[in-house]
Amino acid sequence: MISEQLTEIYQLLIERFGGQDWWPGQSRIEIIVGAILTQNTNWTNVEKAIANLKSADLLDAEKLHHLDSEKMAALIRPAGYYNIKTKRLKNFLIWLFEKYDGQLSSLENLSTACLREELLAINGIGKETADSILLYAFEREVFVVDTYTARIAIRHGLINSEADYEQLSELFQSNLQQDAKLFNEFHALLVQVGKNFCKPKPNCSDCPLNDLPHNLNVEQF
DNA sequence: GACCAGGCACATC
DNA sequence: GATGTGCATGGT
């Protein structure tokens with residue numbers, strides 16, 4: 001039932017937008033840095049911050065770990081919340097170096113559940129950030145839920161408006177084929193819909209999901 | 001100038 | 001346990 005609806009949504013989106021080829025970052029560390037910097041922030045601002053780190057040749061776990069916090073804050077300034085994000089990046093790096101000798105490849109050996117638990121224990125890494133890292137940096141079969149995902153699922157009546165993160169994640173994860181590549185594309189496509197149409201004040205004209213049932217009489221968020 | 005953006009932690013009730 | 005608030009830049 002739900003799985004058919006999800007399949008229909010996926011088909012509509014892939015036809016309209018094509019493959020998204022996410023995450024928009026080449027290396028693991030770039031994906032992780034991006035995942036933290038994009039918290040409640042427009043991606044174009046994150047790109048500026050990442051470009052600054054690249055220009056300074058600092059997009060490297062070891063270099064970032066040893067980088068002075070004030071310098072890091074200055075470089076990531078365009079991404080907003082730069083002081084808190086500096087702490088969050090440092091928290092991740094401290095964990096990585098103290099527990100895994102700075103080796104991201106060491107994390108490959110952990111089970112998905114174990115790695116998720118460890119990431120969530122880091123101050124500044126919440127569910128979405130942890131799941132983005134799991135899916136996009138480590139290709140684990142985890143469905144990422146963000147504001148757009150919630151908004152689209154609720155407005156189209158796939159789930160009740162009170163649903164929390166775990167329920168939303170479960171909605172997709174248990175009704176789709178367990179395939180990291182599919183989860184990757186699907187989430188990226190939902191972000192496209194969110195950015196272009198499913199905003200707090202929805203702009204439904206020309207939305208590829210127009211033909212689906214929907215209920216916009218829910219509180220805007 | 002208002003609104004929005006690929007959250008999260010913490011304080012307070 | 002639910003609700004409110006701070007964090008901040010930059011595009012539309």
Side-chain angles (χ1 to χ4, degrees), chain A residues 9 13 17 19-25 30-53 69-70 72-95 116-138 140 142-155 160-169 171-172 180 183-207 209 219-221:
Chain A
I9 290 171
L13 298 184
F17 297 116
Q20 298 298 298
D21 195 28
W22 266 27
W23 185 280
E30 184 172 348
I31 293 169
I32 293 164
V33 168
I36 291 172
L37 293 185
T38 198
Q39 292 170 354
N40 202 37
T41 300
N42 190 306
W43 181 255
T44 58
N45 286 6
V46 176
E47 285 182 321
K48 298 175 203 299
I50 288 182
N52 286 346
L53 294 173
S69 286
E70 285 190 12
M72 182 184 284
L75 288 165
I76 67 169
R77 192 171 191 275
Y81 307 129
Y82 50 86
N83 288 315
I84 194 81
K85 285 176 180 174
T86 294
K87 285 182 191 162
R88 291 173 180 181
L89 279 171
K90 287 291 189 182
N91 287 343
F92 172 82
L93 293 161
I94 289 165
W95 166 78
R116 187 173 198 263
E117 195 176 332
E118 292 224 32
L119 289 170
L120 288 174
I122 300 167
N123 187 298
I125 297 194
K127 291 172 182 175
E128 184 188 336
T129 307
D131 288 346
S132 295
I133 292 171
L134 286 166
L135 177 62
Y136 291 106
F138 292 95
R140 302 302 176 96
V142 170
F143 203 94
V144 180
V145 174
D146 60 3
T147 306
Y148 296 139
T149 311
R151 204 179 275 155
I152 294 163
I154 291 168
R155 286 182 175 168
N160 76 78
S161 60
E162 313 298 309
D164 62 16
Y165 188 99
E166 308 298 345
Q167 293 172 304
L168 278 154
S169 171
L171 171 73
F172 290 88
F183 289 178
N184 175 326
E185 279 295 344
F186 209 146
H187 174 73
L189 288 164
L190 290 174
V191 171
Q192 281 303 312
V193 177
K195 279 183 176 174
N196 293 296
F197 307 103
C198 213
K199 303 184 167 201
K201 288 180 184 173
N203 167 27
C204 297
S205 69
D206 205 33
C207 176
L209 302 183
E219 203 172 325
Q220 292 184 357
F221 70 101

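Chain letters run A, B, ... following the sequence lines, proteins first, then strands; residues in each count from 1. What you are looking at is a predicted structure, and each value in this text was computed from that prediction instead of being measured. Any value given below was found using the heavy atoms of this structure, including those in side chains, with hydrogens, waters and symmetry copies removed.
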Q. Think A:Arg77 has a side-chain N or O under 4.0 angstrom from the OP1 or OP2 of C:dC7?
A. no
Q: Figure out the CG/P separation between A:Asn91 and B:dC8, and round it to whole Å.
A: 14 Å
Q | Phosphate contact (C:dG11 OP1 or OP2) by A:Lys48 side-chain N/O below 4.0 Å | A | yes
Q. Nearest of C:dA8, C:dT9, B:dC8 to any side-chain atom of A:Pro78?
A. C:dT9
Q) When you check the phosphate oxygens OP1 and OP2 of B:dC10, does a side-chain N or O of A:Asn123 lie under 4.0 Å from one of them? A) yes
(Q) Heavy atoms only, 4.0 Å cut-off, all strands: where does A:Asp146 land among base, sugar-phosphate and nothing? (A) sugar-phosphate
**Q.** Spacing between A:Asn83 atom CG and C:dA8 atom C1', to the nearest angstrom
**A.** 9 Å
**Q.** Rounded distance in Å - CG (A:Asn42) to P (B:dC4)
**A.** 13 Å
Q. Is any side-chain nitrogen or oxygen of A:Tyr81 closer than 4.0 Å to OP1 or OP2 of B:dG7?
A. no
Q: Answer with base, sugar-phosphate or nothing: what part of the nucleic acid does A:Leu120 contact at a heavy-atom distance below 4.0 Å?
A: nothing
Q: Rounded off to whole Å, could you give me the CG-to-P distance for the A:Asn40 and B:dA5 pair?
A: 8 Å
Q. Could you state the CG-P distance from A:Asp164 to C:dG1, rounded to the nearest angstrom?
A. 13 Å
Q. At under 4.0 Å between heavy atoms, what does A:Lys85 touch on the DNA or RNA strands: base, sugar-phosphate, or nothing?
A. nothing
Q) Where do A:Ala73 and A:Asn83 come nearest, in terms of heavy atoms and distance? A) CB-OD1, 4.1 Å
Q | d(CG, A:Asn45; P, C:dC7) in whole Å | A | 18 Å
Q) Between A:Trp43 (CH2) and C:dA8 (P), how many Å, whole number? A) 19 Å
Q: Could you tell me how the ring of A:Trp22 sits relative to the ring of A:His187: parallel (under 30°), tilted (30 to 60°) or perpendicular (over 60°)?
A: perpendicular
(Q) Under 4.0 Å from OP1 or OP2 of C:dG10: is there any side-chain N or O of A:Thr41 that close? (A) no
Q. How long is the line joining CD1 of A:Ile36 and P of B:dA9, in whole Å?
A. 11 Å
Q) When you measure from the side chain of A:Thr44, which nucleotide among C:dG11, B:dC4, B:dC8 comes out closest? A) C:dG11
Q | Qualifying residue for side chain to side chain contact (heavy atoms under 4.5 Å, CB included) with A:Lys48, from A:Ile50, A:Asn45, A:Val46 | A | A:Asn45
Q: Spell out, as yes or no, whether a donor-acceptor pair under 3.5 Å connects the side chain of A:Arg151 to the backbone of A:Phe221.
A: yes
Q.
For a quick check of understanding: with a heavy-atom distance under 4.0 Å over all strands, which category does A:Ile125 fall into, base, sugar-phosphate or nothing?
A. sugar-phosphate
**Q.** Test item: A:Asn91 side-chain N/O and A:Ile122 main-chain N/O as donor-acceptor pair under 3.5 Å
**A.** no
Q) Start at the 5' end of DNA chain B and walk down; is the nucleotide closest to A:Thr129 or to A:Lys199 reached first? A) A:Lys199
